[in-house]
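Following: one structure in structure tokens, then a few remarks.
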Amino acid sequence: QVQLVESGGGLVQPGGSLRLSCAASGSGFSFNAMGWYRQAPGKERELVASVINGGSTNYADSVKDRFTISGDSAKNTVYLQMNSLKPEDTAVYYCYADVPTYYSGTYYRSYDYWGQGTQVTVSS
């Protein structure tokens, strides 16, 4: 199975930057997509950014032009570079991976795997 290990969270002042990393471990799998969700206290988990197999990226409108998702396929690692951070970005950030499964060569379904979450706090 897939294990996701996140790092890079912390406390930063408004306008600062952080880079989150998510390393996927395991064998015998591929990804439909990897990305980042976040959840603030009292709010629902929301998609922040994702990268689809093949390289296409998507961003929430609230983070466009500030956050950049990228990956290193050789390391099975996805990154989230967060610039110009705002207090509203404060949340626990979760890495996810969407992993397909097959039965006799035919796609069956996908499973979502989640990291443990890393806290990002933007405060002066």
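Remark: the backbone N or O of Arg109 is paired with a side-chain donor or acceptor of Thr101 at under 3.5 angstrom. Formation of a donor-acceptor pair under 3.5 Å by the Gln3 side chain with backbone atoms of Gln1 is found in this model. Gln116 places a side-chain N or O within donor-acceptor distance of the main-chain N or O of Glu6, the cut-off being under 3.5 Å.
Using a 4.0 Å cut-off between a side-chain N of Lys or Arg and a carboxylate O of Asp or Glu, Lys86 and Asp89 do not qualify as a salt bridge.
Taking CD of Glu44 as the start and CD of Gln39 as the end, the distance is 8.5 Å to the nearest 0.5 Å. Considering CG of Asn76 and OG of Ser25, their distance stands at 8.5 Å, rounded to 0.5 Å. Put simply, OG1 on Thr90 and CG on Leu85 are 8.5 Å apart, with the number rounded to the nearest 0.5 Å. Expressed to the nearest 0.5 Å, how far OG of Ser50 lies from CE of Met34 amounts to 11.0 Å. How far CD of Gln81 is from CG of Leu20: 9.0 Å, rounded to the nearest 0.5 Å. Note that OG1 of Thr68 and OH of Tyr79 are 14.0 Å apart. Values are rounded to the nearest 0.5 Å.
Of all non-hydrogen atoms in Ala91 and Ala40, the two that sit nearest each other are CB-N, 3.8 Å. Across Ser30 and Pro100, no two heavy atoms sit closer than the pair O-CD, 3.2 Å. Looking at every heavy atom in both residues, Ser84 comes nearest to Arg66 through O-NH1, 3.0 Å. For Val2 against Ala24, the heavy-atom pair with the smallest separation is CG1-CB, 4.4 Å. Scanning all heavy atoms of the two residues, the minimum distance from Leu4 to Ala97 falls at CD1-N, 3.7 Å. Taking both residues in full, the closest heavy atoms of Ala33 and Ile52 are given as CB-CD1, 3.7 Å, listed atom of the first, atom of the second, then distance.
With sequence neighbours left out, Tyr113 forms a ring-ring contact (aromatic ring centres under 6.0 Å, His included) with no residue at all. Under the ring-ring contact (aromatic ring centres under 6.0 Å, His included) criterion, Tyr96 pairs with Tyr37, Trp114, not counting sequence neighbours.
For residues 76-124, the pairs satisfying disulfide bond (SG atoms under 2.5 Å apart) are Cys22-Cys95, with sequence neighbours left out.
Note on Val99 and Val51: same hydrophobic cluster, where clusters join Ile, Leu, Val, Met, Phe, Trp and Tyr whose side-chain heavy atoms are under 4.5 Å apart, directly or indirectly. Cluster annotation: Leu11 is not connected to Tyr93 through the hydrophobic network of ILVMFWY side chains, with a link wherever side-chain heavy atoms come within less than 4.5 Å. Transitive grouping of hydrophobic side chains (ILVMFWY, heavy atoms separated by less than 4.5 Å) keeps Tyr111 and Leu47 in distinct clusters. The hydrophobic cluster containing Tyr94 does not contain Val63, counting ILVMFWY residues as joined when their side-chain heavy atoms lie under 4.5 angstrom apart, directly or transitively. Criterion: ILVMFWY side-chain heavy atoms under 4.5 Å apart, direct or through other members. Under it, Val92 and Leu18 are not part of a common hydrophobic cluster.
Few gaps surround OH on Tyr102; more than 12 heavy atoms of other groups in view lie less than 6.0 Å from it. Counting heavy-atom neighbours within 6.0 Å of Tyr107 OH, excluding the residue itself, gives a total above 12.
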